[in-house]
Protein chains: 2
Amino acid sequence: MRADKAHLWTSSKDFLGCDHVQVWLVAGDCFLIGLAPVLVHMSKGPDGKFPFHPVSINLLVEVAKTIFATVVLMLYQGTGRPGPPLYRSARAFVRDARHNQLLAIPAGLYAVNNYLKFAMQLFFKPTTAKMLGNLKILVIAVLMKWVLKRTFSVFQWEALLLLVAGITVNQLNYCNDGDMFSGVAIAYTLGSVTVPSLASVYNEFALKKHMDTSVHEQNFFLYFYGALFNLLGVLATMAFGGLSWTAIFHGHSKVTMLLVMNNALQGILSSFFFKYADTILKKYSSTVATIFTGIMSAALFGHSLTLNFAIGVTIVFISMHQFFAQGELARVHMLAPLI
Amino acid sequence: MRADKAHLWTSSKDFLGCDHVQVWLVAGDCFLIGLAPVLVHMSKGPDGKFPFHPVSINLLVEVAKTIFATVVLMLYQGTGRPGPPLYRSARAFVRDARHNQLLAIPAGLYAVNNYLKFAMQLFFKPTTAKMLGNLKILVIAVLMKWVLKRTFSVFQWEALLLLVAGITVNQLNYCNDGDMFSGVAIAYTLGSVTVPSLASVYNEFALKKHMDTSVHEQNFFLYFYGALFNLLGVLATMAFGGLSWTAIFHGHSKVTMLLVMNNALQGILSSFFFKYADTILKKYSSTVATIFTGIMSAALFGHSLTLNFAIGVTIVFISMHQFFAQGELARVHMLAPLI
């Protein structure tokens with residue numbers, strides 16, 4: 001297993017625990033995440049609803065990512081592995097598909113997660129669903145320990161708890177009551193917290209396991225498998241929902257295409273996070289991006305920043321510093337008895 | 001200066017950073033702080049208001065503490081200093097009053113603070129006033145650095161920020177709007193945050209400066225000076241407010257006497273905190289006591305615990321662990337380049 005090579009980047013960290021690759025990944029995430037709500041808003045019809053079926057968006061996003069990965073593969077040519085590239089022949093394709101078969105697992109889990117996200121909306125208000133989703137951070141950390149054999153100091157665990165707390169404080173608003181916690185709701189909650197966490201961690205595991213394989217080839221198969229699963233989902237929706245192909249793909253426009261591109265690029269960026277950084281940095285990055293979006297929207301559109309936003313941001317930044325600066329200290333602490 | 005001896009207690013700390021003296025101090029604080037709201041509630045008249053003048057409570061509390069300290073002094077006899085005890089003759093009293101003259105400063109500041117607390121109620125809702133008061137924690141830390149030459153690691157500073165955040169999150173409720181921040185309000189806010197912080201830190205400084213002097217003698221003078229200042233305040237209120245002596249001391253009962261005792265005991269306990277621990281532990285202790293009270297009230301009276309209470313408690317406990325476990329690590333970190 002080449003997972004140890006994946007941590008080479010830690011040696012290039014400066015005092016604050018950052019390195020240049022990570023800065024670019026986070027900056028890209030900020031841009032894409034910031035743009036998303038604008039596009040979502042623009043894509044709504046005059047009645048405030050979406051004129052398109054969300055299932056079609058998921059499929060189009062996977063297809064877009066697959067096309068993107070194919071183009072990049074062709075441009076870069078080398079896959080880092082011997083033999084002709086996967087697009088040269090059916091045999092090369094199958095051979096590479098086998099080599100990357102682990103990626104089918106996260107692809108399938110992500111597809112299941114799309115369904116769960118939709119189902120959670122039936123049980124919970126959007127804000128509550130988001131708050132419950134924050135627990136993914138803790139599940140991810142536990143899974144990273146089991147699957148990737150990562151160890152975290154007690155201060156890093158606390159930092160992750162603080163991240164959950166900080167994000168949740170940010171989401172606290174004045175109407176936090178009334179959501180029902182039935183047995184079914186709890187089951188869906190557990191699923192919607194565990195499935196995407198397992199998907200992300202397994203994704204990171206699979207990408208780092210073959211560190212020598214070109215990330216472009218890995219991306220291709222991740223999205224290819226993803227597109228396959230989503231296509232299955234679309235066909236199932238058509239079969240059980242009695243919708244036609246045209247009904248599912250109705251209502252798209254230039255804006256929805258931009259929405260698809262935005263989601264596709266976020267997915268592609270995620271892969272780079274999982275290969276060259278890790279799932280936890282991805283979580284921190286999304287949080288920073290969301291905070292940045294909130295501040296920009298206050299600055300540009302005059303929305304006021306609430307007290308719990310200020311508190312939440314403070315807690316998140318402290319959490320970040322604690323998490324990334326405590327790895328080295330933890331190791332030093334273990335050496336302390338020798339001093 | 002004997003402030004360095006005051007930190008002897010750090011060497012008896014166990015893994016979590018606690019030692020037995022501190023545990024008793026915190027337990028005592030929990031009990032007294034938990035009892036206080038019950039007594040306050042019981043002391044209200046049938047119309048929900050207090051039938052007594054708050055100024056009289058302050059004076060009675062100082063007098064009670066002075067009497068208590070005198071009795072203890074007589075019981076323990078030794079003051080740790082040569083010469084007859086202060087109650088033997090006027091000359092001995094004056095000599096000891098001079099030796100402890102530094103304590104007049106915190107006593108005076110506390111008396112001013114009683115007025116500021118009252119004034120803040122005019123500008124802000126009780127919850128907002130409390131939230132602004134949380135900033136005292138940061139002012140105390142800065143003053144400890146300047147006055148007591150304490151150093152804190154960056155993680156300890158962050159832990160204090162988290163303490164403020166956690167307490168504030170706890171106090172967030174659904175009506176956090178509408179308080180005016182005029183120039184006068186800001187001035188009073190700055191005062192009500194700085195004055196008690198300076199009082200507490202100077203108190204700690206004065207008590208630890210003469211570590212060999214009996215804490216009972218120090219307590220006596222702290223409360224004696226406090227009683228003097230409060231008496232001045234009462235006389236001023238009578239002069240300017242046109243109230244008579246009877247009007248000020250009207251409306252007391254057995255319950256108000258218990259309230260006075262409760263406040264007096266809290267004050268006495270504070271002195272022990274300042275002499276044998278420090279101001280920061282006192283702050284954490286009060287916070288833990290408040291949380292404990294909240295949980296007990298939920299358990300005994302069926303009040304529901306809100307989400308922000310749960311989040312606030314989590315943050316406070318993480319803050320506590322971070323603060324008390326990071327002193328040693330900070331020192332180890334400084335040694336790290338030598339490894």
Side-chain angles (χ1 to χ4, degrees), chain A residues 15-16 127-128 131-132 134 138 153-179 304 306-339, chain B residues 15-16 127-128 131-132 134 138 153-179 304 306-339:
Chain A
F15 174 69
L16 284 173
T127 311
T128 316
M131 285 195 200
L132 291 167
N134 296 338
L138 301 174
S153 74
V154 67
F155 297 114
Q156 287 179 305
W157 282 108
E158 289 180 344
L160 294 174
L161 257 177
L162 284 178
L163 181 60
V164 176
I167 298 175
T168 311
V169 163
N170 232 330
Q171 293 161 343
L172 283 176
N173 58 29
Y174 303 118
C175 300
N176 267 339
D177 51 281
D179 275 308
S304 56
T306 56
L307 176 63
N308 48 322
F309 179 84
I311 296 176
V313 169
T314 307
I315 297 171
V316 165
F317 278 110
I318 290 176
S319 162
M320 231 175 3
H321 178 230
Q322 302 272 12
F323 187 85
F324 290 108
Q326 301 268 32
E328 286 75 16
L329 279 182
R331 274 176 243 135
V332 169
H333 190 222
M334 288 189 284
L335 290 171
L338 305 175
I339 299 169
Chain B
F15 174 69
L16 284 172
T127 309
T128 315
M131 285 195 200
L132 291 168
N134 297 338
L138 300 175
S153 73
V154 67
F155 297 114
Q156 287 180 306
W157 282 107
E158 289 179 344
L160 294 174
L161 257 177
L162 285 178
L163 181 60
V164 176
I167 298 175
T168 310
V169 164
N170 232 332
Q171 294 162 341
L172 282 177
N173 59 30
Y174 302 118
C175 300
N176 267 339
D177 50 280
D179 275 308
S304 57
T306 57
L307 176 62
N308 47 323
F309 179 83
I311 296 175
V313 169
T314 307
I315 296 170
V316 165
F317 277 111
I318 290 177
S319 161
M320 233 179 358
H321 178 230
Q322 302 270 15
F323 186 84
F324 291 108
Q326 300 268 34
E328 287 76 17
L329 279 181
R331 274 175 243 136
V332 170
H333 189 220
M334 288 189 286
L335 291 170
L338 304 175
I339 299 171

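We name chains A, B, ... by the order of the sequence lines, and we start the count at 1 in each one. What you see is a predicted model, and the numbers here were worked out from it, not measured in a lab.
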Handout entry: Residue selection (most heavy-atom pairs with chain B, distance under 4.5 Å) from A:I315, A:V164, A:L161, A:L162
Key =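 It is A:L162.
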Handout entry: Min side-chain heavy-atom separation A:V169-B:N308 under 4.5 Å
Key =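 SC-SC contact between A:V169 and B:N308 ruled out.
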Problem - B:T168 side chain near A:L307 side chain, heavy-atom distance below 4.5 Å - result: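 Contact flag for B:T168/A:L307 side chains = yes.
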Problem - Point-to-point distance, once rounded to the nearest 0.5 Å, from CD of B:Q322 to CD of A:E158 - result: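 Between atom CD of B:Q322 and atom CD of A:E158 there are 4.5 Å.
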Handout entry: Contacting moiety of B:V154, where chain A heavy atoms sit under 4.5 Å
Key =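 The side chain, not the backbone.
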